[in-house]
A.B. asks: 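For reference, the structure I am asking about is given below.
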Amino acid sequence: MAKNGNDAEIDEGLYSRQLYVLGHDAMKRMQSSNVLISGLRGLGVEIAKNVILGGVKSVTLHDQGVAEWKDLSSQFYLREEDLGKNRAEVSQPRLAELNSYVPVTSFTGALTNEYLTKFQVVVLTNSSLDEQICVGDFCHSNGIKLIVADTHGLFGQLFCDFGEEMTVFDTNGEQPLSAMISMITKDSAGVVTCLDEARHGFESGDFVTFTEVQGMTELNGCEPIEIKTLGDICDTSSFSDYVRGGIVTQVKMPKKVAFKSLSSSMAEPEFLLTDFAKFDRPGQLHMGFQALHAFEKKHSRLPKPWSQSDADELVALAEEANAAQTESAKQEQLDQAIIKKLSCMAAGDLAPINAFIGGLAAQEVMKACTGKFMPIMQWLYFDAVECLPEAGDAVLTEEECVPRNCRYDGQIAVFGSKLQELLAKQRYFLVGAGAIGCELLKNFAMMGLASGEGEVIVTDMDTIEKSNLNRQFLFRPWDVTKMKSETAAAAVKLMNPSVRITGHQNRVGSDTEKVYDDEFFESLDGVANALDNVDARMYMDRRCVYYRKPLLESGTLGTKGNVQVVIPFLTESYSSSQDPPEKSIPICTLKNFPNAIEHTLQWARDEFEGLFKQPVENRTLKLPGAQPLEVVEAVYKSLVTDYPHSWEDCVAWARNHWQCQYNNNIRQLLHNFPPDQVSSGAPFWSGPKRCPHPLEFSTNNDLHMDYIMAAANLLAQSYGLPGSTERSALTKLLQDIKVPEFIPKSGVKIHVSDQELQSANASIGKRRRTVAEFMLFVPVNPEQRKLDDDDTNFHMDFIVAASNLRAENYDIPPADRHKSKLIAGKIIPAIATTTAAVVGLVCLELLKIIQGHTKLESYKNGFMNLALPFFAFSEPIAAPKHKIDWTLWDRFEVKGIQSNGEEMTLRHRRTTHARKIILQTAAIPGFQTEMATKRQNLRTAALRNLN
């Protein structure tokens with residue numbers, strides 16, 4: 001087994017997406033942490049799963065209890081044949097499969113002080129208050145970080161104690177801000193003005209440093225300076241005069257955070273609010289959870305599900321606990337209704353709640369190990385009582401929620417047996433089997449969705465890659481290259497054999513509407529999206545609106561996550577509101593005036609596409625008639641003038657292309673715009689325009705050789721020629737290549753702005769010559785040319801080398817391979833903790849949908865950022881209502897086109913659609929009053945148009 005530790009290398013192939021969230025330094029700190037997780041019921045196994053996927057040094061599973069029926073409601077690594085066996089011992093081998101770098105062991109003894117000293121982080125779940133205080137006091141006094149997590153039905157609790165002085169190295173996880181400077185005043189304030197292309201984003205209290213300042217050079221490379229008020233940095237009156245230029249960059253400063261011990265914090269709690277609509281709820285639940293511990297200590301059991309006598313007793317115990325308080329924990333008045341609900345579902349164990357609290361707790365473990373992100377200070381309480389039947393619906397009884405010795409007892413204790421019957425009949429369409437898809441399937445299985453007459457259909461056209469294994473926990477290393485949907489379906493069947501699930505390998509879109517047709521959608525009860533792009537989300541949203549099906553939408557971006565629920569006739573749809581489009585980089589900035597590594601990476605990506613993707617496609621595709629002459633010339637070059645016949649030809653092409661891009665073109669640019677040129681009274685090369693310099697090729701420069709090696713091999717692949725990775729042989733070949741001498745030309749037009757470029761293109765377009773349609777057949781390598789996770793195909797080698805060479809041209813700090821891959825590959829950072837928490841919230845909304853909640857306020861859209869941490873919940877926006885004016889002159893003309901292009905007549909219409917048209921027409925205001933007199937005219941008009 002591979003092991004983590006101080007000297008262990010980070011497997012970037014496995015942890016790539018998580019590395020973009022945590023960074024290398026935090027990952028190395030995490031790989032040195034031993035974690036103890038006590039309590040292996042549903043919440044404990046959820047925390048363990050996320051922590052093991054994260055990549056700590058080791059995880060020890062502790063539990064002295066045995067598996068019971070109620071555990072199977074959410075403990076996805078327990079099976080019916082495991083009943084009566086120790087939960088930790090049974091779960092250990094199944095959890096160990098998640099990550100070969102993390103040793104996982106089980107322990108069934110008592111948690112002695114001596115044993116606790118082996119760990120840097122201790123997590124307690126399913127523990128008594130006495131044990132929590134005892135362990136908490138020891139951990140606090142011995143520098144061991146403690147997390148206490150607990151769930152009861154629809155309620156959850158989380159507590160963190162990371163010691164009296166913890167250092168947080170990065171409080172929010174955002175990339176440091178940077179801006180270009182236009183002016184710095186020379187006075188006691190030292191006001192810095194940034195170029196006004198966009199908001200700089202700096203705030204008072206931020207620390208910044210400076211580079212490339214001309215004139216006031218005392219600021220360059222200075223120690224981090226705090227921004228005192230907007231724009232003010234420090235006294236610059238003794239500095240040199242500011243001339244021009246400069247870059248100001250934010251510096252992440254370590255922050256010291258102090259925690260109270262559990263026993264101290266019980267009396268003086270500090271709460272993190274999760275729902276602003278429940279402002280007083282944390283204090284109420286703080287008393288309620290203490291009362292639960294007192295009840296369990298007194299009776300050696302939790303309150304019975306929906307027992308009114310137990311609920312009354314819990315209220316009395318909560319009143320006693322509150323009366324005994326003398327500090328800030330004391331509540332003016334207890335909310336007896338919420339305390340009674342806590343009692344009624346205290347014995348419940350729900351997979352969605354465990355997924356949410358478990359995701360948060362696992363993220364706190366990572367914070368404790370790494371100092372990355374701001375910890376929870378110090379108590380978090382959460383509830384989702386909106387999931388209970390709406391007011392006016394049938395009240396749950398003790399008899400309906402009594403245990404039945406089945407795997408859903410933990411869920412029946414909260415919702416009763418009738419909901420379980422509804423869940424079993426559901427037919428749901430899950431689109432995507434990636435990280436969110438895997439978590440949804442796990443929760444579906446634990447909840448019993450489609451465990452009877454229903455069915456879950458999951459579709460995903462992708463195969464499993466190594467980088468998926470870090471967060472798509474249903475997959476194992478031996479599953480790499482297998483289809484995601486089929487593998488996920490098989491894994492879920494092991495968790496709950498009664499679940500009916502079918503895997504498809506189809507992309508959702510217009511090309512699969514014959515598969516996912518009217519009959520398919522009309523048979524569904526709802527749709528859950530687990531997609532990674534907006535276009536597919538909007539397509540599924542349109543389908544759900546058309547067929548009037550509920551849609552569960554969610555997404556993650558690093559530590560950020562969101563949930564949106566779409567209910568027919570009640571809420572707006574996903575497409576009703578959209579994020580603003582991403583800001584694009586101006587073409588002229590990319591071509592001639594880059595000033596950031598993002599610009600050079602996009603330029604390198606465009607180079608890759610233009611050189612090795614588009615020419616290959618052009619050689620094999622039919623080009624429609626009236627193509628610009630430039631396209632034909634490009635094809636002619638790739639087939640005639642630049643057609644390589646050997647590896648030596650590919651190397652020669654790469655060397656000449658290097659010379660063109662990094663020497664000749666830069667010299668031409670400086671010929672047009674000399675370094676000392678003045679424009680409108682100011683230096684041309686100032687502000688966002690960085691003055692470049694040409695590079696001189698050298699076989700002793702590794703970056704130069706990386707470019708040649710990658711470019712030559714990519715060209716060879718495009719033409720089906722053998723490549724080479726012999727660096728010494730490549731050096732010899734390059735020594736014999738004659739590079740033509742370049743002399744800058746006069747009269748070459750270089751556009752300074754996109755507006756100038758567009759005007760020039762418009763005038764050229766009027767006199768552009770075109771050629772007739774033609775077809776080319778040339779044998780090429782059939783491999784698809786795309787930027788992907790394969791580090792052996794030279795894609796990223798070329799991108800990194802091309803970008804960093806151009807960055808060197810313009811004196812822009814280079815980017816390593818990891819950062820380059822993030823930006824050029826447009827990779828979405830991801831971590832298992834956020835995914836688990838988000839999906840927990842999604843499945844809470846699913847429970848509301850299946851129960852038939854009709855009130856808008858019952859549903860919750862959610863947003864979270866676990867790094868801050870921050871949570872926000874709100875009612876979905878109501879569906880907009882539109883008024884339709886109807887007169888006797890208005891008609892409905894129903895037309896249709898068949899797949900063969902012919903007009904569709906009534907006999908081609910499905911009966912169900914005909915009924916829909918009639919019903920929809922009849923529902924229009926004013927229509928019924930005119931129906932009698934207009935029926936014949938409407939029928940005649942419809943028949944005339946359809947025939």
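A quick note: this is a predicted structure, and the numbers were derived from the prediction, not measured. Quick note: residue numbers are just sequence positions, from 1.
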A.B. asks: Does this structure show an ion pair linking Lys340 with Asp312, if we count only N-O contacts that are shorter than 4.0 Å?
C.D. replies: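 The answer is yes: the pair qualifies as a salt bridge.
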A.B. asks: Whether Lys297 and Asp130 form a salt bridge (side-chain N of Lys/Arg under 4.0 Å from carboxylate O of Asp/Glu) is what I want to check.
C.D. replies: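 Result for this pair is yes, salt bridge flagged.
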A.B. asks: Between the side chain of Asp82 and the main-chain N/O of Lys85, is any donor-acceptor distance below 3.5 Å?
C.D. replies: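 Pair absent, no side-chain N/O of Asp82 close to backbone of Lys85.
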A.B. asks: So, are Arg427 and Glu455 salt-bridged, with charged N and O less than 4.0 Å apart?
C.D. replies: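 So Arg427 pairs with Glu455 through a salt bridge.
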A.B. asks: Salt bridge or not for Arg41 and Asp63, using N-O below 4.0 Å?
C.D. replies: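 Not counted as a salt bridge, because no side-chain N and carboxylate O are separated by less than 4.0 Å.
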A.B. asks: Quick one: ring-ring contact (aromatic ring centres under 6.0 Å, His included) pairs with a partner in residues 411-445, sequence neighbours left out?
C.D. replies: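 Every pair satisfying ring-ring contact (aromatic ring centres under 6.0 Å, His included) with a residue in residues 411-445: Phe429-Tyr516, Phe429-Phe520.
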A.B. asks: Answer yes when Arg301 and Asp310 have at least one side-chain N-carboxylate O distance shorter than 4.0 Å, and no when they do not.
C.D. replies: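 Asp310 and Arg301: salt-bridged.
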A.B. asks: Centroid separation under 6.0 Å, is that true for the rings of Phe289 and Tyr381?
C.D. replies: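 So the answer is yes for these two rings.
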A.B. asks: Does Arg476 come within less than 4.0 Å of Glu97, counting only side-chain N to carboxylate O?
C.D. replies: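 Counted as a salt bridge, because a side-chain N and a carboxylate O are separated by less than 4.0 Å.
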A.B. asks: Who pairs with Phe138 by ring-ring contact (aromatic ring centres under 6.0 Å, His included), at least two apart in sequence or on another chain?
C.D. replies: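 Applying ring-ring contact (aromatic ring centres under 6.0 Å, His included) to Phe138 gives none.
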A.B. asks: Indicate yes or no: does Lys49 engage Glu46 in a salt bridge with an N to O separation below 4.0 Å.
C.D. replies: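 Looking at Glu46 together with Lys49, the answer is yes, because their closest N to O distance falls below 4.0 Å.
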A.B. asks: Taking NZ, NE, NH1 and NH2 as the nitrogens, is one of them in Asp71 or Arg87 under 4.0 Å from a carboxylate oxygen of the other?
C.D. replies: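 Salt bridge between Asp71 and Arg87, a charged N being under 4.0 Å from a carboxylate O: yes.
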